[in-house]
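Before any comments, here is the structure.
None of the values given here were measured: they were computed from a predicted structure. We name chains A, B, ... by the order of the sequence lines, and we start the count at 1 in each one.
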Amino acid sequence: MVLNSLDKMIQLQKNTANIRNICVLAHVDHGEEEYLINLIDSPGHVDFSSEVSTAVRICDGCIIVVDAVEGVCPQTQAVLRQAWLENIRPVLVINKIDRLIVELKFTPQEAYSHLKNILEQINALTGALFTSKVLEERAERETESQVNPNSEQGEQVYDWSTGLEDTDDSHLYFSPDQGNVVFTSAIDGWGFGIEHFAEIYSQKIGIKKEVLLKTLWGDYYINTKAKKIMKVDQAKGKKPLFVQLILENIWSLYDAVLKKDKEKIDKIVTSLGLKIGAREARHSDPKVQINAICSQWLPISQAVLAMVCQKLPSPLDITAERVEKLMCAGSQTFDSLPPETQALKAAFMKCGSEDTAPVIIFVSKMFAVDAKALPQNKQRPLTQEEIAERHERARRRHAEKLAAAQGQAPLEPTQDGSALETSPQGEELKGDEQEVESETPKPVPQEGTDREAFIAFARVFSGVARRGKKIFVLGPKYSPLEFLQRVPLGFSAPLDDLPPVPHMACCTLENLYLLMGRELEDLEKVPPGNVLGIGGLQDFVLKSATLSTLPSCPPFIPLNFEATPIVRVAVEPKHPSEMPQLVRGMKLLNQADPCVQILIQETGEHVLVTAGEVHLQRCLDDLKERFAKIQISVSEPIIPFRETITKPPTVDMVNEEIGKQQKVAVIHQTKEDQNRIPEGIQVYSGGLITMTTPNKLATLSVRAMPLPEEVTQILEENSDVIRSMEQLISSLNEGKNTQMIHQKTQEKIWEFKGKLEQHLTGRKWRNTVDQIWSFGPRKCGPNILVNKSKDFQNSVWTGPDGKASKEASRYRDLGNSIVSGFQLATLSGPMCEEPLMGVCFVLEEWDLSKFEDQTASDKQNQEQSDLVKEGQGEGETCSGRDEHQDLQGGCSEPSEKKASQKGESSLTDCYGPFSGQLIATMKEACRYALQVKPQRLMAAMYTCDIMATSDVLGRVYAVLSKREGRVLQEEMKEGTDMFIIKAVLPVAESFGFADEIRKRTSGLASPQLIFSHWEIIPSDPFWVPTTEEEYLHFGEKADSENQARKYMNAVRKRKGLYVEEKIVEHAEKQRTLSKNK
Amino acid sequence: MSIFTPTNQIRLTNVAVVRMKRAGKRFEIACYKNKVVGWRSGVEKDLDEVLQTHSVFVNVSKGQVAKKEDLISAFGTDDQTEICKQILTKGEVQVSDKERHTQLEQMFRDIATIVADKCVNPETKRPYTVILIERAMKDIHYSVKPNKSTKQQALEVIKQLKEKMKIERAHMRLRFILPVNEGKKLKEKLKPLIKVIESEDYGQQLDIVCLIDPGCFREIDELVKKETKGKGSLEVLSLKDVEEGDEKLE
């Protein structure tokens, strides 16, 4: 039971049959044989269940610890499920039995029924897992047989059984008489399995051990007279054997100790044949006494480890089922793998340690270690000889010094110096104290001092891992088939010359470590079945990988993560200049944590996605203290919105038809309308906006229309097609007609056009598709610019048509400006400067005649432009933040320059270049066109899959509805009592959602969020009550703020835009600053 | 003359005075603090929430009410409420503490938003977030000037931030199409203004795609127009050259 030397451990590693991989290493003497147990502890919190996943993969068995008081918790279920999914054998430890005695004051009988209950619950869970698996298999079989018409009809009819009856599941369950359950109290240091007591009592009462083993747990009692064991009849008040023979003894011990009954304690101690030290016996704290007695009587380590050695499989006993499962990723079946790969199964099963055996290693996670902690950078303790040698040297030096002091011949100092240099550090100088021994640290690589080294946490499944061995690193997406296709069969060139195969790399095993708790020990080679650490893989492995000497080895199936990353936060450095450190730190964190995701968003935010709040906290701490070593600040991520318009509503907020109602607040309404549209812009019926450039040379008429939902969707999906189209047009515009259009792209473009035509039907949209001029924003977004003017012929389709338009270049330049204006307008809408979506702008008319006249006459008559300028006193109508103004104002060079150029550039007047004016005018026109229509916000939505048990269903719904979520469907998972709920949830409401739902359902529901689509928020952000009914219903101020308005104002506030909000709500309620005189 | 009786005196507290001079006379009204700006921007619609009393004063602190004939001569009416409204919209205002505070805060945010919008991290070509810019602005102790436009101030801020952190204005992508014979000459002149030339193509025409600092756009535009006498053309390919889309870090 004691941790022996390293050599012993290495020796033990060689004997595969005596290894139990369950990362604390312990070497165990159990009976005749010696065992090596790799014990991997995993945290219990839900957020860290990814750690469990990584550990479970490289284990052969697991110990599941259950609290005797609290029983089965949600996390127990999760752990059981994980063990089940990985096909590893579990054993059960029921801990904290002492609490039943001391805290709950149960009688032995009560305790027995309580324990029985817990066991039943756990077995029920196991049973549920088993049945769901059997049912799944059955369903698969059925689909197969449907595909296969050869199967006999008769069989189909009679096959009503679920298949459960045929499958033996008795070995799955936990039962003390099977020896896979142990009862313990770790705090008091005791624990027992039934076997222990069976042995004692078989001698005491003379009943066979085998009989006792079967009957000690369960409803049996002993008839002392007949020395027979009978079935319990509760009515007779007989106690079960477990109570009578085991629990009562323990209870009486506790009783005696707690009551400080000296005599009784002594009696028990002597009867058990124990020796209690005088110190413990005299100790006043009963806990110490119990611990002293019990740890001798029923030592916990023996009980647990005995069970581990007996019940858990060794790497040799790996089941064929598990091997096949590990090797078949996705929906592949084992039979579909190439024969070379199938042959590997034997290697797995054999777990051979010969040098010929293929090496297969699975890396389940990467963990960061301080580079200083690596064994090669660490100082070794000195051996006896070295110490003796140093003594000798020091003594000599001392003598020399004395001699020198006495004025004798000086000795060579160089020799002395060199001796100093070579002496390793850490020596305690016994000699002359004045002798300054300069510390000569081992040469550590400079950059290694503050760097984190990554060590791969791995297990050898087959073959011997040797230092310096060349090995393939197979990524999760690697396919052995691909390799076999690319590389000829008899390929025998050196590994470095291999042709590149995706997801495969070749590297050398550099450092192998033995993991001993926090310590690492260097190893030369690692035989199969062992857990090990591998250094120097950080450049090859991101999170997990399969290593093998054979390229035909398939990558293992990806780890089953019980928890998916769901909590999103934006991370920023406290000091903006520390950005690079943050990015580097996040990269390291990503590698070190199996369950973290890191995104860089378009907004420039660095988003950290973690499994839960606790996990998040740990990630942030790691980032702050280890990986980035900077101060960081964490905030809610920015939530994107889209702006759009809808058809005017037909009913108002209280579902009354609009138009029939008497408007009460007409005054407010008109006032607002006036505010929105400044003077100088004509608004015609149907929302047609006409606007003139500041120099009065061009007039544009624009109308905005909502696009049908399907069209928006098509546009979203085909953004890459639009992009390629755009490239095509631009290359055509340059006159590069020679460039061939790829056949495939052209087909795609026509298909896309066809789809659009299919959906844009009706009078309103006639010919629209042919007149599409551009898409926006960024020339590929979900908004359309349509040109309906007469002389327009430059639609997006002309490019793919192959006939480059020979349009006059003067129109092309101006057209570009208008398109730019449209791009700008779609990039930031009027509501809160968010991009538009699903809007169609129709350019009904463009009047550039004046401009043409001017350019024509300009050449002859220079003064005209000056006249025009004088006539324009009015300022620019467009206000605020447009890109274009920046072009004009941002660089406004001194005006004398302009004056000097007056003669040359007729197009530039006091309003800047004409193209710029056109951009601004188009942009403003689009904005106003939007504003006269009913505007709406679009919110990003998550689809949310929630797994929940039936008893917390109600609470799940409550959380969902509180956060504006909507349930789409709910169905029961077959064979379990789990429900799967599908819902949609606005991204804006998702912050803290995971935490809330877990808290409210005590962890029984686990959500999963994936971005799905954009959805229009039905409420109008500018809505105020207008009709009498609405007044009655909402009051004058509309007390309940509507959702869209709330979002809009939040975004505006964040961006520093003007928010229509009162600084002080009630004037009278302000604090009186001057005192009453 | 009435006897001075403090008991029937109504004292106004929390007063914000709005003044207006008309017809050589000064008129004042007594309003609540932090409310006048709200009225002017149309957020506050209830007049009683703005005015302490509907009467028009000559001097609010002394309690001197304006004479009726003065009001008629100045405003042409003696409807006190009407006059109050006029004064409210056109008079000089005392900006109260909270009003000033919100205004400055809003401008501060606006500046940060503009800076974040225009700039990128030159290493990653990705924008900085507004929050980060705000923090950086606080770090350099930038104080907002209420009488300057936010855009101007934003450009100033960018200059100052460049000294503290890695920030650069997002480049603009332009395309020139120039006649060949003039093109070569012009290219030499354009060179100092261009940051990066992405592609050059001498065909029948000289075709250059390049990145420039947006501050130089106007200069370049004028140069091209002047040198080629309208034959060369300039096309804005993108206003901001930034990385698009989300990226998963691996």
Side-chain angles (χ1 to χ4, degrees), chain A residues 542 570 572 574-577 579-580 586-587 590 597-605 635 638 668 671 675 734-735 778 809 813 816 820 881 883 885-893 901 904-905 907-908 912-913 1054-1058 1060-1064 1066-1068 1070 1072-1074 1076-1077, chain B residues 11 13-14 32-35 37-38 42-45 49-50 98-99 102 106-114 118 121 123-124 126-132 135-136 139 151 155 164-166 177 204 207 214-219 221-222 225-226 233 235-236 239 244-250:
Chain A
L542 180 65
E572 274 168 1
K574 273 260 161 65
H575 303 290
S577 52
M579 206 67 183
M586 287 182 104
K587 273 185 190 147
N590 189 34
Q597 268 180 27
I598 287 158
L599 302 167
I600 302 173
Q601 290 200 311
E602 196 165 333
T603 50
E605 277 180 309
S635 57
I638 294 172
H668 291 333
K671 193 181 170 191
N675 274 351
E734 291 160 38
R778 301 205 178 97
S809 67
D813 282 357
N816 274 338
S820 298
R881 42 174 55 255
E883 288 295 327
Q885 267 201 345
D886 174 46
L887 304 184
Q888 301 178 352
C891 53
S892 59
E893 291 296 309
Q901 288 171 358
E904 284 92 19
S905 66
L907 301 184
T908 317
R1054 193 189 75 216
K1055 293 189 175 173
L1057 302 172
Y1058 173 70
E1060 213 174 82
E1061 227 170 29
K1062 293 174 191 173
I1063 302 164
V1064 178
H1066 300 289
E1068 277 285 16
Q1070 292 184 76
T1072 311
L1073 291 172
S1074 61
N1076 269 347
K1077 280 165 197 163
Chain B
R11 284 239 161 232
T13 51
N14 271 334
Y32 289 106
K33 278 192 171 157
N34 302 322
K35 275 293 185 186
V37 173
V43 179
E44 181 59 70
K45 284 154 190 140
E49 279 281 301
V50 183
K98 272 185 193 154
E99 286 169 342
T102 43
Q106 204 175 310
M107 283 183 86
F108 190 82
R109 289 237 163 125
D110 198 6
I111 294 169
T113 316
I114 296 171
K118 290 196 182 310
N121 182 348
E123 281 171 8
T124 56
R126 285 197 175 267
Y128 282 107
T129 58
V130 180
I131 309 162
L132 202 73
R135 202 174 298 131
D139 277 357
K151 193 148 260 164
L155 293 169
K164 289 281 280 190
M165 56 194 274
K166 282 180 185 135
I177 297 170
Q204 304 129 342
D207 183 350
C216 310
F217 176 73
R218 197 191 190 109
E219 223 177 304
D221 186 41
E222 277 169 5
K225 290 260 159 66
K226 195 176 77 181
S233 70
E235 193 183 334
V236 180
L239 286 163
E244 283 169 16
D246 295 356
E247 181 192 349
K248 203 167 169 186
L249 199 70
E250 276 185 24

Revision key, fill the gap. With chain A, the option among B/I131, B/V130, B/V37, B/T129 that has the most non-hydrogen atom pairs under 4.5 Å is B/T129
Practice item. Mind ranking B/K98, B/M165, B/K35 by heavy-atom pairs under 4.5 Å with chain A and telling me who comes out on top? Key: B/K35
Practice item. Please report the shortest heavy-atom distance between A/P576 and B/D139, naming the atom on each side. Key: CD-OD2, 3.7 Å
**Study point:** Closest contact, heavy atoms only, B/R135 versus A/E572
**Key:** NH2-OE1, 3.9 Å
Check your understanding: Given the options B/E99, B/E49, B/E123, B/M107, which has more heavy-atom pairs under 4.5 Å with chain A than any of the others?
Key -> B/E49
